[in-house]
2 protein chains.
Amino acid sequence: MDVLLAVTLKDVAERAGVSRSAVSRTFTEGASISDKTRRKVEKAAREMGYRPSLIARSLATNRTKLIGLVANNFRNPVFLEVFDLFTQTLQKRGYRPLLVNLSTETDPEKSLDMLRQYRVDGVIVATSTLPPSFPSAFRKAGVPVIHAFGKFDSHADIHVVGIDNQRCGQMAAQTLFDRGYRAIGVIGGPQSATSTQDRLAGFEQRLKQLGIEQADVRFAHNYSYSAGRDAMIDLMSEKQVEAVFCGDDVICMGAMDAARSHGLSIPDEIGFLGFNDMNMAGWAAYDLTTIHQPTSDIISSAVELVVAMVDTPERSTETRLFPCSIVERSSLRPPPTDQVGGV
Amino acid sequence: MDVLLAVTLKDVAERAGVSRSAVSRTFTEGASISDKTRRKVEKAAREMGYRPSLIARSLATNRTKLIGLVANNFRNPVFLEVFDLFTQTLQKRGYRPLLVNLSTETDPEKSLDMLRQYRVDGVIVATSTLPPSFPSAFRKAGVPVIHAFGKFDSHADIHVVGIDNQRCGQMAAQTLFDRGYRAIGVIGGPQSATSTQDRLAGFEQRLKQLGIEQADVRFAHNYSYSAGRDAMIDLMSEKQVEAVFCGDDVICMGAMDAARSHGLSIPDEIGFLGFNDMNMAGWAAYDLTTIHQPTSDIISSAVELVVAMVDTPERSTETRLFPCSIVERSSLRPPPTDQVGGV
DNA sequence: ATTTATTTTGCAACCGGTTGCAAAAAAACG
DNA sequence: CGTTTTTTTGCAACCGGTTGCAAAATAAAT
């Protein structure tokens with residue numbers, strides 16, 4: 001049998017013949033302790049297999065080194081990258097992610113409550129499908145919070161790290177226009193998502209500026225292949241478009257397969273523009289031209305910010321936006337080559 | 001400004017005019033408390049926005065309600081389902097997952113240590129690419145541990161929940177044989193993964209029993225599309241096979257695309273059998289015939305078991321295996337129809 | 001109305017650390 | 001060497017809860 005009762009500070013102190021404070025200080029960064037006692041303590045600790053209890057420390061210091069990570073979109077492959085990056089980045093800084101899965105939770109209040117009870121040092125809300133009121137609730141509770149992938153708001157009382165969705169929508173419209181597409185469809189993400197709304201707004205605005213017909217719009221009811229396929233089937237049943245701008249790569253893949261089953265070839269008969277540039281976008285079966293969202297920038301920035309807020313809770317609200325860019329593959333006609341001197 | 005200092009037990013007790021114990025009991029399941037005081041306390045608590053500190057409770061009860069969730073495979077889409085299910089299942093039972101990302105961690109000991117310091121109530125190690133010695137380390141430290149997707153061992157000192165990989169390998173071989181494939185290739189997952197080894201062993205054993213040529217084997221160096229593609233390119237350069245059994249659906253998709261770029265059509269000229277039956281396997285561009293791994297059974301069982309172990313740490317070691325099954329799609333020739341009375 | 005059994009309550013110790021403060025020890029100074 | 005300054009140390013209180021125990025209050029039985 002093994003040590004079931006954890007060895008405590010007191011045990012080590014007794015063995016090393018010092019006070020409990022001395023042991024505590026040995027394991028506290030920057031505390032005043034002589035080399036001699038430190039060595040004594042470390043020896044005793046090693047021999048007994050002592051590890052300080054972060055729970056007890058948290059209670060005393062009022063810092064848990066836990067960061068809540070709230071998401072409601074577990075089935076979308078972008079979240080693989082998101083989780084991977086979040087966990088790694090937090091880990092590197094000595095923090096731990098406490099995951100909250102909101103995908104089925106009926107009552108977001110519940111999880112807010114849960115995170116508060118665990119006294120997390122901060123929260124990162126990583127979703128664009130929750131209303132800003134949700135992250136706000138944390139702020140009201142005095143918990144540092146970042147809304148990653150969120151909407152930046154004029155009244156902005158919470159930190160946002162993400163992209164300018166409206167500008168991305170404009171970029172999408174311009175891209176399709178430049179390649180000669182005129183009859184255009186859109187398959188957005190869930191209509192309630194702020195990212196969907198903003199991208200669509202930018203998209204339509206630019207189309208208008210360019211003076212072409214407004215796009216035919218559908219919304220996928222979630223970020224999934226089948227939702228994309230269904231939306232595309234619906235779109236095709238009603239209108240013939242030359243290109244489709246999708247609000248997410250997975251949705252786009254579903255839409256592409258729907259188009260193919262309908263006998264259309266990509267990009268000759270119909271073009272597709274995705275969003276996110278997730279890993280799979282490069283897979284040969286789709287080889288998707290898409291708008292790259294700088295996920296890893298967003299995440300490291302969000303982590304950096306939330307960690308900084310732990311020490312300066314009242315820093316003024318910031319919005320950090322990163323630029324998106326087109327990733328050229330083969331689901332759209334190529335851009336016109338700039339023939340110098342050509343007419 | 002809002003309440004920055006959290007309301008404590010004492011504050012509520014004073015306001016309600018009762019002792020601290022009374023407040024504590026109000027928030028403790030099954031404690032002895034009269035309805036009258038409970039109501040008084042609840043009223044005061046509500047008015048002050050009191051939420052018990054789980055940190056303090058953990059310290060006093062020696063239970064954190066945290067379950068460590070260790071994985072090293074964040075980029076494989078199966079893990080979307082895994083995370084989604086794990087977090088939800090734990091949440092439902094009042095536990096929280098404390099995520100550990102081992103994908104880049106050079107030293108697994110570090111994270112073990114971290115989890116111990118947080119005094120997690122239990123650990124679920126969800127990977128087949130770590131040696132059994134890793135979960136064992138938790139056990140030695142007196143922390144309940146489950147190895148999900150792990151290898152069940154004869155000397156089995158840790159609980160394993162997963163599948164019988166060897167039997168699955170046999171099933172794969174039999175399936176390919178039944179459909180008339182004779183020149184067969186295998187693209188396994190990473191060679192060091194126990195799941196890879198076991199499946200391969202079962203596969204080869206069955207081929208031998210069936211008296212056909214041994215398979216040509218390659219290993220993908222990780223669970224990724226590109227690793228699958230590379231392995232397939234390598235395989236094709238050396239030998240012409242009629243069908244390939246892949247150790248994972250993502251690997252399989254990479255392999256399929258490699259075959260297609262090589263001009264082969266699926267399933268007419270080459271067949272593919274995947275593993276896992278992840279969501280994407282049903283996507284039209286691949287439509288993969290694959291072996292279904294009952295992920296959700298494995299996960300709910302693992303959670304159930306780890307939670308049970310919190311109360312009975314010394315329950316005897318269990319191995320829980322769930323059956324796999326073939327999911328018929330279109331990447332393999334159809335099975336021979338059983339012509340009654342036929343020759 | 002007593003006596004007895006049951007339920008509810010508060011006291012106080014404890015969980016395992018941290019930290020301000022003053023005393024003790026060590027180092028620097030004259 | 002004695003003094004002054006700096007560093008190290010231990011004491012004791014605290015973080016915010018839980019819980020065994022005995023006293024107090026209530027309910028049941030006689």
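A, B, ... follow the sequence lines: proteins, then strands. Residue 1 opens every chain.
The interatomic distance linking B/Glu14 (CD) with D/dG17 (C1') rounds to 15 Å, in whole Å. Distance, A/Asp11 CG to C/dC15 P: 10 Å, rounded to whole Å. When the P atom of C/dT9 is taken as reference, atom NZ of B/Lys40 falls 8 Å away, rounded to whole Å. Rounded to whole Å, the distance from CZ on B/Arg57 to P on C/dG17 is 21 Å. Rounded to an integer number of Å, the gap from B/Asn62 CG to C/dG17 P is 11 Å. Rounded to whole Å, the distance from CZ on B/Arg116 to C1' on C/dG17 is 16 Å. Residue A/Tyr118 contributes atom OH, which lies 14 Å from atom P of D/dG17 at whole-angstrom precision. The CZ-P distance, from A/Arg51 to C/dG17, rounds to 11 Å in whole Å.
Close to D/dG17, at under 4.0 Å from its OP1 or OP2, lies a side-chain N or O of B/Tyr50. The phosphate of C/dT19 has neither OP1 nor OP2 within less than 4.0 Å of any side-chain N or O from A/Ser21. Contact annotation: B/Ser19 side-chain N/O to C/dT9 OP1/OP2 distance is not under 4.0 Å. The shortest distance between the side-chain N/O atoms of A/Thr28 and the OP1/OP2 oxygens of C/dT18 is below 4.0 Å.
Within the nucleic acid shown, B/Ile33 comes within 4.0 Å of sugar-phosphate atoms alone, with no base atom in reach, counting heavy atoms only. Within the nucleic acid shown, A/Ser58 has no heavy atom closer than 4.0 Å to any nucleic acid atom. Using a 4.0 Å heavy-atom criterion, one finds that A/Thr61 contacts the sugar-phosphate atoms exclusively. Residue contacts shown for B/Ser34 are limited to sugar-phosphate atoms, with no base heavy atom under 4.0 Å away. Among the atoms of the strands shown, only primed sugar atoms or phosphate atoms (P, OP1, OP2) are found under 4.0 Å from some heavy atom of A/Thr8. A/Leu59 comes within 4.0 angstrom of a nucleotide base, judged by non-hydrogen atoms across all strands.
Under the 3.5 Å distance criterion, with hydrogens and angles disregarded, a donor-acceptor pair is assigned to the side chains of A/Asn72 and A/Thr129.
Counting only distance, with no hydrogens or angles, the side chain of B/Arg119 and the backbone of A/Ile55 share no donor-acceptor pair below 3.5 Å. Without hydrogens or angle criteria, A/Asp121 side chain to A/Ile67 main chain gives no donor-acceptor distance under 3.5 Å.
When A/Val82, A/Val303, A/Val70 are each tested for a side-chain contact (heavy atoms from CB on, under 4.5 Å) with A/Ile124, only one passes: A/Val303.
Taking only side-chain atoms of B/Ser53, from C-beta outward, the nucleotide of D/dG10, D/dT18, D/dG17 with the closest atom is D/dG17. Listed nucleotides: C/dG17, D/dT18, C/dC21. Nearest to the side chain of A/Arg25: C/dC21. Closest contact between the side chain of A/Arg20 and the listed nucleotides D/dG10, C/dT18, D/dT19 involves C/dT18. Of the candidate nucleotides C/dT9, C/dG10, D/dG16, C/dG10 has the atom nearest to the side chain of B/Ala22.
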Handout entry: Test ring pair (Phe, Tyr, Trp, His ring centres under 6.0 Å) applied to A/Phe79 and B/Phe83, step by step
Key = CA-CA 10 Å; A/Phe79 265 71; B/Phe83 284 142; over 10 Å; no

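Here A/Arg63 pairs with A/Asp311 in a salt bridge; the nearest charged N to carboxylate O distance falls below 4.0 Å.
Along DNA chain C, the nucleotide nearest B/Arg38 and the nucleotide nearest A/Phe27 are compared for position; the residue whose nucleotide lies closer to the 5' end is B/Arg38.
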